[in-house]
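Notes to accompany the following structure.
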Amino acid sequence: MSSRTRLALGSVVLVVVASWFVAPRLLGALAPHLYAGTVLQGDEPAAAMTGLANGAGHEIAVSGGDGDLVLVYFGYTHCPDVCPTTLATVAESRRRLGDDAGAVDLVMVGVDPGRDTAAELDEYVAFFDPTFRAVTGPEAAVAEVASAYGVFYDHGEADADGDYTVDHTATLMGIDGDGVLRIVWPPDISAEALTADLAELLG
Amino acid sequence: MSGVARFSLPAVLAVLVAGPLVTACGGTETFEVSDPWARPTAPGAEMGAIYFVADNDTDVDDSLVAATSPWCDEIELHTTDTRDGVMSMYPATDEQLVVPAGGELVAEPGGLHLMCVGLTQPIVEGEPVEVTVTFATAGDVALTASAEHR
């Protein structure tokens, strides 16, 4: 093979490889990202978690505007199906984000303070992802925070064993780096769709 | 229909190869429960959920009636319903437990699930959970559910 042929072949290979990497980025830059969640307009800071604390007794700021995305989820530990599914989905999305995962926090607000202590909630959420945090507090404080986030919850009637379920808004909410409630995802969001939205929000 | 069960070679091989697949032999060879799995539970959790798919290739509707497991004090057949983002959970209706002839019954997150009430031990990732599901016609089907995060 002459050196000229080799050069030509090499150039072709280089162009093909380069376009392989560049084309998707170019297309991605041209086509706007379609969010799987519902994007909210407005610039009011998200409500503070007033009167709620984690297991160590500390309040958690969700709208500190430190640049991190804070995902907020209202749930309870006796929830066998949907809550673990959503928490596992967020954990999986954080894994998929790799180095960017550090900029995504999750705070679960416990809506069953009668059964779940803040310490139990800490342990519960950490099982899914050690970075996850949780808060709860007196019934009245939980109700106030839930209402500020447009979250409905209602304790069902206890059965003979005293067990009850809690109907609750199971959407996942995202507070952006400016501390503004920016996006709401349905409970059955896939890890793939959530990861894509988070990556876009992180810019 | 002949009283002697006939197996084709590919079918026999499929059963041998598909470890987790369990074929119910309650009078038919074509009622099958597959992909049983359970989500690992957090320490101290009292509830868990187990999922599966039941395929009914017979001509008769069947129906899930009960489930038991050494991992659970009790298993309730529950379904989750989400309306306007609000999630409610309630005992499944008879209609929601039917495995229609020629169809399937899918237990999956956000829908029908075996709600394990009173976990006797945590469901640990990688450690299979034994569960027996009972159908009106197919009878008891013993399953080994894989414990995994999905």
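Order of the sequence lines sets the chain letters (A, B, ...), proteins ahead of strands, with each chain counted from 1.
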Applying a strict 4.5 Å limit to non-hydrogen atoms, the region of Tyr51(B) in contact with chain A is side chain
Can you tell which part of Thr82(B) gets under 4.5 Å to a heavy atom of chain A, answering side chain, backbone, both or neither?
side chain
Are any of the side-chain heavy atoms of Arg150(B) and Glu92(A) separated by less than 4.5 Å?
no
With sequence neighbours excluded, residues passing salt bridge (Lys or Arg N to Asp or Glu O under 4.0 Å) with Arg94(A)
Asp129(A)
At a heavy-atom separation under 4.5 Å, does Asp116(A) approach chain B through its side chain, its backbone, both, or neither?
neither
Do we see a donor-acceptor contact under 3.5 Å between the side chains of Tyr164(A) and Asp112(A)?
yes
Could you tell me which residues in residues 72-79 of chain B have at least one non-hydrogen atom under 4.5 Å from a non-hydrogen atom of chain A, sorted by residue number?
Glu74(B), Glu76(B), His78(B)
Heavy-atom distance under 4.5 Å between the side chains of Leu202(A) and Val104(A), does that happen here?
yes
Within-4.5 Å side-chain heavy-atom neighbours: Met108(A) and Val125(A)
yes
Among Cys83(A), Pro84(A), Ala88(A), Pro187(A), which has the most heavy-atom pairs under 4.5 Å with chain B?
Pro84(A)
If I measure from the heavy atoms of chain B, does Tyr124(A) come under 4.5 Å with its side chain, its backbone, both, or neither?
both
Okay, Asp81(A) and chain B: the region with an atom under 4.5 Å from a heavy atom over there is both
If you look at every heavy atom in Val180(A) and Gly42(A), which pair is closest and at what distance?
CG1-O, 3.5 Å
Would you please indicate if the ring centroids of Phe74(A) and Tyr153(A) are separated by under 6.0 Å?
no
Chain A contact residues among residues 98-115 of chain B, heavy-atom distance under 4.5 Å:
Glu108(B), Pro109(B), Gly110(B), Gly111(B), His113(B), Met115(B)
Side chain, backbone, both or neither: which part of Asp163(A) has a non-hydrogen atom closer than 4.5 Å to chain B?
side chain
Would you say the side-chain atoms of Thr85(A) and Arg39(B) include a donor-acceptor pair closer than 3.5 Å?
yes
Listed partners of Ala196(A) passing side-chain contact (heavy atoms from CB on, under 4.5 Å), at least two apart:
His33(A)
Turns out that what part of Val151(A) lies under 4.5 Å from chain B's heavy atoms comes down to neither
Shortest non-hydrogen contact from Thr120(B) toward Pro70(B)
OG1-O, 2.7 Å
Is any side-chain heavy atom of Leu172(A) closer than 4.5 Å to one of Leu194(A)?
yes
Are Asp154(A) and Val86(B) packed together at the side-chain level, in the sense that at least one heavy-atom pair is separated by less than 4.5 angstrom?
no
Check for a donor-acceptor pair, side chain of Tyr76(A) on one end and backbone N or O of Val166(A) on the other, with a separation under 3.5 Å.
yes
